[in-house]
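In what follows, a structure is listed as structure tokens, so that the remarks can point back to it.
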Amino acid sequence: MSSEEFRAVMSRLAGGVVLVTAQEPPLDPDDPGAPDGEYAGMTATAFLSVSLDPPLVLVSLRTGSRMDDLLDEQPLWAVSVLSESQRHIAGRFAMKGRLSDRLLFEDVPYVRGEATGAPLVGGALGTLECRTEQRVEAGDHTLVIGRVLKARMPSADGGPLLYFRGRYRQLG
């Protein structure tokens with residue numbers, strides 16, 4: 001089986017679209033007055049619930065990606081479940097060779113999570129704040145399992161943003 005065949009079959013599996021976010025640790029962790037690090041964000045479709053008790057979720061990250069490296073040193077992160085009206089946010093944070101994270105967040109409405117300090121996107125269907133419990137190497141990806149510290153449903157409007165056959169879609 002070729003990687004193209006595998007990719008073609010897997011593109012037929014619809015997935016929800018989330019934005020995974022975290023804040024870099026302070027530039028000098030020993031100096032309480034040091035400025036905080038930048039926010040980072042990444043669009044993901046390989047995200048799922050693992051357990052209700054304890055509440056655990058899993059996100060799959062390309063090994064060596066910026067988010068994989070960041071979550072290797074920063075155990076606190078967040079997830080915003082994107083709505084169908086947030087396709088532009090998904091596309092922005094999925095770009096290869098993209099702008100700096102500071103510019104990506106510039107006009108995206110968000111609040112800082114109470115438990116993680118990570119950005120939670122305004123208008124998301126739901127948000128989760130997590131702490132890494134386990135990292136599992138799996139081929140060219142790292143599976144990050146996080147314990148959910150806080151869960152919110154800030155917006156009940158609209159349907160979910162989906163990814164199917166290489167494109168963002170909506171229900172109906």
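Residue V50 is not grouped with residue V57 when hydrophobic side chains (ILVMFWY) are merged at heavy-atom distances under 4.5 angstrom, including chains of intermediate members. No continuous path of hydrophobic side-chain contacts links V9 to M1 [ILVMFWY only; heavy atoms under 4.5 Å].
In this structure, L76 CG and L149 CG are separated by 7.0 Å, a value rounded to the nearest 0.5 Å. Taken to the nearest 0.5 Å, the OG1 atom of T43 stands 10.5 Å off from the CD atom of Q86. Here CE of M42 is found 11.5 Å from CZ of F93. Values are rounded to the nearest 0.5 Å. To the nearest 0.5 Å, the span separating CZ on R165 from CG on L13 amounts to 13.0 Å. Rounding to the nearest 0.5 Å places CD of E129 at 11.5 Å from CH2 of W77. Summarising the geometry, atom CG belonging to L120 is positioned 6.0 Å from atom OG1 belonging to T116; distances are rounded to the nearest 0.5 Å.
Not a single donor-acceptor pair under 3.5 Å links the side chain of R135 to the backbone N or O of L143. A donor-acceptor contact shorter than 3.5 Å links the side chain of D68 to the backbone of G64. The main-chain N or O of G166 is never found under 3.5 Å from a side-chain atom of S11 such that the two would form a donor-acceptor pair. Distance alone, capped at 3.5 Å, is enough to place a donor-acceptor pair between the S80 side chain and the V121 backbone. Side-chain atoms of Q74 never come within 3.5 Å of backbone atoms of L71 as a donor-acceptor pair (strictly under, hydrogens ignored).
Closest of all the heavy-atom pairs between R92 and D107 is NH1-OD1, 2.6 Å. Shortest non-hydrogen contact noted between P154 and A124 is CG-O, 3.6 Å. In terms of heavy atoms, G117 sits closest to Q23 at O-OE1, 3.6 Å. The two atoms that bring P25 and E73 nearest to each other are CG-OE1, 3.6 Å, heavy atoms only. Scanning both residues, R66 and Y39, for their nearest heavy atoms gives NH2-O, 3.9 Å. Summarising the geometry of L125 relative to P160, their closest heavy-atom pair is CD1-CA, 3.6 Å, with the distance given to 0.1 Å.
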R131/E133 under salt bridge (charged side-chain N to carboxylate O under 4.0 Å, His left out): CA gap, chis, key distance, verdict
CA-CA 6 Å; R131 181 185 64 240; E133 291 275 310; 3.3 Å; yes
Apply side chain to side chain contact (heavy atoms under 4.5 Å, CB included) to residues L161 and Q170 and explain how you reach the verdict.
CA-CA 5 Å; L161 182 60; Q170 53 193 61; 5.7 Å; no
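Contact of the T127 side chain with the V81 side chain is not registered, since no non-hydrogen atoms from C-beta on lie closer than 4.5 Å. At least one side-chain heavy atom of E24 sits under 4.5 Å from a side-chain heavy atom of L70. The shortest distance between side-chain heavy atoms of V17 and L162 does not fall below 4.5 Å. At a threshold of 4.5 Å between non-hydrogen side-chain atoms, the residues V136 and T142 do not count as touching. In this structure, the side chains of R147 and T132 stay at 4.5 Å or more apart for every pair of heavy atoms. Contact annotation: the side chain of L61 never approaches that of H141 to less than 4.5 Å [non-hydrogen atoms, C-beta and beyond]. Two residues are said to be in side-chain contact when any heavy atoms from C-beta on lie closer than 4.5 Å; F105 and P119 meet this criterion. Taking the side chain as every heavy atom from C-beta outward, I89 and V108 approach each other to under 4.5 Å.
Between R62 and D69 there is no salt bridge, since none of the side-chain N atoms of the basic residue sits less than 4.0 Å from a carboxylate O of the acidic one. Here E84 does not pair with R169 in a salt bridge; the nearest charged N to carboxylate O distance is not below 4.0 Å.
When the shell of 6.0 Å around CG of L52 is examined, it contains 12 or fewer heavy atoms from other residues, nucleotides or ligands.
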